Amino acid sequence: MNAESIIGSGALWLAIPVAMLAGLISFLSPCVLPLVPGYLGFLGGAVTPRSAKGADAAAPGRGRLVLGVLLFIFGFSIVFVAITALGGAANVFMLQWGELITRILGAVIILMGLVFLGLFGFAQRELRFHVDAKYGVIGAPLLGIALGIGWAPCLGPTLTAIFALSFNAGDPVRAGFLGLAYSLGLGIPFLLVALGFGWATKTVGFLRRHIRVVNIIGGVLLILLGILMVTGLWTDIMSRLTAVMGSVLLPL
């Protein structure tokens, strides 16, 4: 399958914004949003040269902080792209049961939406990994990889949805694009705050104060996606959009 057919797929164009939205919901989750200042503080220290002393060590330059955040995003992107590519590869081997598995995954997404709403609170846990800032710039992507793995249990609701979408994509490469889109949805807010946009910092503060409302909205969206998959409507929408995009692109 060439790059044009992958990028031109209507199904992919529909799934990518959904994946980015899932990444944004993950950023707004209790495992990430309350800890944003701590993550940025670590990343600033991780990319500060060891020779820096005094005020320079305490307040790393904006450019170094942005570099750290980009490397951090790169680290957890590796994890999430690998997870989604695995979902796409699974479809290749389970093609004959694809519709049934999609419906089962939809039911799991509904359950995960309930978890996001606050039910089964025990399910929203994260594994703890420690990456020492003394490793310098290398520490930033290592932190991204460690937290990508450590967040997985806590981000189970959104990751389940993305895995289901990647399975539905039916191809590891397309699924990898969904993992990248998810990582961007999760990582761009970090980058906006690191760049020092005042509105971004204020927005994060506002959302932290209203995190319960955010969780309810995210949970409802996940449940709606799960319902679409259980009923088969999601697959039907993807198929129809693929056909429409194919007819539009064919003359080209």
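Atoms considered below: every heavy atom in the structure, side chains included; atoms not considered: hydrogens, waters and symmetry mates. Positions are given from 1 along the sequence. Because the structure is a prediction, the values reported are computed rather than measured.
- The minimum heavy-atom distance between Leu225 and Ala161, with the atom names listed, is CD2-CB, 3.9 Å.
- Within the model, atoms OG of Ser77 and CG of Leu184 stand 6.5 Å from one another, a figure rounded to the nearest 0.5 Å.
- Between Leu221 atom CG and Ile216 atom CD1 the span is 12.0 Å, to the nearest 0.5 Å.
- A donor-acceptor pair under 3.5 Å links the side-chain atoms of Thr84 to the main chain of Ala175, judged by distance alone.
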Exercise answer: donor-acceptor pairs, residues 17-25 side-chain atoms, under 3.5 Å, sequence neighbours excluded:
none

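- For the pair Val36/Phe190, a side-chain contact is recorded, criterion being any heavy-atom separation below 4.5 Å from C-beta on.
- When all heavy atoms of Ser183 and Ile73 are compared, the closest pair comes out as O-CG2, 4.5 Å.
- Under a hydrophobic clustering in which Ile, Leu, Val, Met, Phe, Trp and Tyr are joined whenever their side-chain heavy atoms come within less than 4.5 Å, directly or via other members, Val79 and Leu86 fall into different clusters.
- Residue pairs meeting the side-chain hydrogen bond (donor to acceptor under 3.5 Å, both in side chains) criterion with at least one partner in residues 138-148, sequence neighbours excluded, are absent.
- With a 4.5 Å cut-off on side-chain heavy atoms, Ile149 and Ile145 count as touching.
- Both Leu28 and Leu40 are assigned to one and the same hydrophobic cluster, defined by single-linkage of ILVMFWY side chains at heavy-atom distances under 4.5 Å.
- Atom CD1 of Ile223 is separated from atom CD1 of Ile109 by 11.0 Å, given to the nearest 0.5 angstrom.
- In summary, the side chains of Ser26 and Tyr182 do present a donor paired with an acceptor at a separation below 3.5 Å, with no hydrogens or angles considered.
- Put simply, CG on Leu105 and CE on Met112 are 11.5 Å apart, with the number rounded to the nearest 0.5 Å.
- Counting all heavy atoms, side chain and backbone alike, Ile16 lies closest to Leu178 at N-CD2, 3.8 Å.
- Annotation: ring-ring contact (aromatic ring centres under 6.0 Å, His included) contacts of Phe76 (sequence neighbours excluded): Phe72, Phe80, Trp151.
- Of all heavy-atom pairs between Met229 and Ala164, the closest is CE-CB, 3.6 Å.
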